Structure formats: C-alpha cells, structure tokens
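It should be emphasised that the depicted structure is a prediction, and the values quoted were computed from it without experimental measurement. Side chains are part of it too, since the values below use all heavy atoms of this structure and drop only hydrogens, waters and symmetry mates. Here is the naming used below: chain letters follow the sequence lines, and residue numbers restart at 1 for every chain.
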Number of protein chains: 2
Amino acid sequence: MAMSATLKAISDPMRRSILELLKKQALPAGEIAQHYPELTQATVSYHLKLLKQAGLITERREKNFIYYELNASVFEEVLTWIYGLGLGGKDDDD
Amino acid sequence: MAMSATLKAISDPMRRSILELLKKQALPAGEIAQHYPELTQATVSYHLKLLKQAGLITERREKNFIYYELNASVFEEVLTWIYGLGLGGKDDDD
DNA sequence: GAGCAATTTAGATTTATTTCTAAATAGTGG
DNA sequence: CCACTATTTAGAAATAAATCTAAATTGCTC
C-alpha cells in the first residue's frame with residue numbers, strides 16, 4: 001500500500017523537516033544536509049531516498065546538482081483516508 | 001511532538017485497520033482481536049496501547065469490558081501540517 | 001473474598017530503522 | 001580522458017518496533 005510508505009516517511013521528524021525546507025524552494029542534497037550539522041551527508045541521502053520512494057519528493061538534475069522538490073500531491077490519499085475516518089465528514093451519520 | 005506519535009501510530013497498517021474497525025462502533029479489545037486471527041491478543045493489546053498513547057482512541061469501561069472508541073480529532077494537527085505544506089493551501093504564501 | 005473473564009504487562013526474540021565511516025558512482029569542465 | 005564536485009551505496013553498529021508465550025492484573029458476580 002502506498003499509504004504506509006507515505007505515512008512512515010512523514011512519521012520521522014527529520015524527514016518532515018526536510019519537506020518543510022523544500023516547501024520554500026527546491027534544493028540540492030548538499031544544501032539540505034547543511035541544515036543538519038548533526039547528521040552526515042550519507043544519512044541525509046538515506047532520508048531523501050525514503051522520501052523519494054514515497055513519492056513525496058522528485059528530483060531534477062541541473063548542472064552537476066540534483067535538485068529535490070516537494071510533491072505534496074501524494075498526500076491526497078492520506079487526506080482521503082483521514083476524512084473517511086470521520087474527521088470533518090460527520091454529515092448525517094450522527 | 002504529538003505529531004510524531006500520531007503519524008507513527010497510523011503508519012502501521014494493522015493500527016489503521018483497527019481505527020477503521022472502530023469507526024463503525026466502539027469495541028472491546030477481545031472483539032477487536034477476533035478480527036485478526038493471525039495475531040495474539042497480547043499483540044493487539046500492544047497496538048491499542050500505542051493508539052491510546054497517541055490519543056487516537058479512548059477507553060470507556062462498561063461491565064467488565066473496556067470499550068475502545070475512535071478519537072479522530074487528534075488528526076487536526078496532522079491536517080494542519082499537511083495543508084501547510086501546500087496541498088490545497090497555495091494562497092499567497094510565497 | 002473466591003473464582004472467572006477480559007485485558008494488560010514482562011521478558012525474550014525477531015525484524016526493521018537510523019546512523020556512521022569508508023568507498024564507489026556519475027556528471028562537468030577543462 | 002582526468003580530475004573535481006556532488007551524491008549515493010555498502011557494510012557495520014546501535015537503537016527501536018513488532019511479535020510471541022507465559023504470568024499478572026483488574027473488575028464483576030456470586
């Protein structure tokens with residue numbers, strides 16, 4: 001299921017932080033890593049891989065950088081699931 | 001952060017399934033467990049504990065059963081975060 | 001309060017995740 | 001093609017999560 005990957009991806013604070021970073025603008029991996037001096041570049045690369053696998057980011061090559069950009073459309077499925085549970089959808093069920 | 005707990009809780013398919021079960025009606029742990037013959041009752045109890053800690057379910061004691069019921073209001077924070085990322089909320093932030 | 005039914009807790013095991021260091025790949029520019 | 005820069009991959013170690021069995025708890029009911 002795609003939703004498990006999406007949710008697992010954003011259940012980690014570091015990865016949520018990366019997504020927030022990419023909200024403002026697309027960035028190459030190196031610049032992303034600079035925001036997290038406590039982590040190595042390899043670790044950031046690992047998180048990017050998971051985000052990519054979840055479809056939450058896409059990559060665009062330019063010069064010899066790889067720019068990562070947010071793809072929030074993947075959240076559609078999650079939102080549908082949450083709303084389906086009843087939040088905001090209490091129409092006439094009560 | 002409360003959001004990590006919420007998201008980690010629903011990143012597991014089993015726990016999402018339990019929430020879906022409780023959407024229809026509150027149920028005691030035993031009945032919940034009956035829906036998952038592949039798991040022991042102790043394991044279901046473990047998942048219920050995590051859901052409870054995340055605030056996604058509440059318990060109500062009646063006779064000698066503990067009825068678990070869904071509390072979808074916890075999703076508010078998650079929804080706010082997702083919308084904040086841009087999905088559906090691209091107003092004039094840039 | 002003794003016994004019973006529902007549920008949780010403890011402890012151990014297996015599997016998955018996160019992180020690091022070190023090495024490898026891949027694309028760019030001379 | 002060679003060297004440089006950006007990034008990933010591999011392999012190992014540490015931490016966390018999911019599951020089981022067995023024992024403990026808790027709250028009715030008599």
* How is A:Ala42 classified with respect to the nucleic acid when contacts are heavy atoms under 4.0 Å: base, sugar-phosphate, or nothing? -> base
* To do: Measure from the side chain of B:Pro28, starting at C-beta and using heavy atoms only, and say which of C:dT8, C:dT7, D:dT21 lies closest.
  => C:dT7
* Side chains of A:Ser17 and A:Tyr36: do they bring a donor and an acceptor to under 3.5 Å? -> yes
* To do: Kindly say if A:Ser45 contacts the phosphate of D:dT7, meaning a side-chain N or O under 4.0 Å from OP1 or OP2.
  => no
* Looking at every strand, decide which applies to A:Glu31 at a 4.0 Å heavy-atom threshold: base, sugar-phosphate, or nothing. => nothing
* Scan A:Glu62 against the nucleic acid and name what it touches under 4.0 Å (heavy atoms): base, sugar-phosphate only, or nothing. => nothing
* Short question: side chain of A:Asn71, backbone of A:Gly55 - any donor-acceptor pair under 3.5 Å? -> yes
* Please tell me which of the listed nucleotides, D:dC20, C:dA6, D:dA18, lies nearest to the side chain of B:Phe65? => C:dA6
* Asked: Can you check the B:Lys8 NZ to D:dA18 P distance for me, whole Å?
  -> 9 Å
* Would you say the side-chain atoms of B:Arg15 pair up with the backbone N or O of B:Ala9, donor to acceptor, closer than 3.5 Å? -> yes
* Roughly, in whole Å, what's the span from CG in A:Leu27 to C1' in D:dT7? -> 15 Å
* Examine distances only and state if a side-chain atom of B:Lys23 and a backbone atom of A:Gly84 form a donor-acceptor pair shorter than 3.5 Å. => yes
* Examine A:Leu22 and B:Trp81 and state if one hydrophobic cluster contains both, with Ile, Leu, Val, Met, Phe, Trp and Tyr joined whenever side-chain heavy atoms are less than 4.5 Å apart. => yes
* **N/O (side chain, A:Arg15) to phosphate O (OP1/OP2, C:dT18) under 4.0 Å** => yes
* Asked: Counting side-chain heavy atoms from C-beta on, which of C:dT18, D:dT21, D:dT8 comes nearest to A:Tyr68?
  -> D:dT8
* In whole angstrom, give the distance that lies between atom OH of B:Tyr46 and atom C1' of C:dA10. => 14 Å
* Length of the line joining A:Glu59:CD and D:dT8:C1', which is rounded to integer Å -> 11 Å
* For the pair made of CG in A:Leu51 and C1' in C:dT17, what is the distance, rounded to whole Å? -> 14 Å
* Gap between atoms CG and P, on B:Asn64 and D:dG27 respectively (whole Å) -> 11 Å
* Structure fact -> Side-chain atoms of A:Thr43 come closest, of D:dT8, C:dT19, C:dT8, to C:dT19
* For A:Ile32, report the nucleic acid contact type (base, sugar-phosphate, nothing); a contact means any heavy atom under 4.0 Å. => nothing
* Are OP1 or OP2 of C:dT7 and a side-chain N or O of B:Lys49 less than 4.0 angstrom apart? -> no
* To do: Taking only the side-chain heavy atoms of A:His47 (C-beta and beyond), determine which of C:dA6, D:dT8, C:dT18 contains the nearest atom.
  => C:dT18
* Asked: Nearest-Å distance, CZ (B:Arg16) to P (D:dA18)?
  -> 12 Å
* **Below 4.0 Å: OP1/OP2 of D:dC20 and any side-chain N or O of B:Thr40** => yes
* Check: B:Arg16 side chain, B:Ile10 main-chain N or O, donor-acceptor pair, under 3.5 Å -> yes
* Asked: Starting at CD of A:Gln34 and ending at C1' of D:dT7, how long is that distance when rounded to a whole Å?
  -> 14 Å
* From D:dT8, D:dT29, C:dT8, nucleotide with atom closest to B:Gln41 side chain -> C:dT8
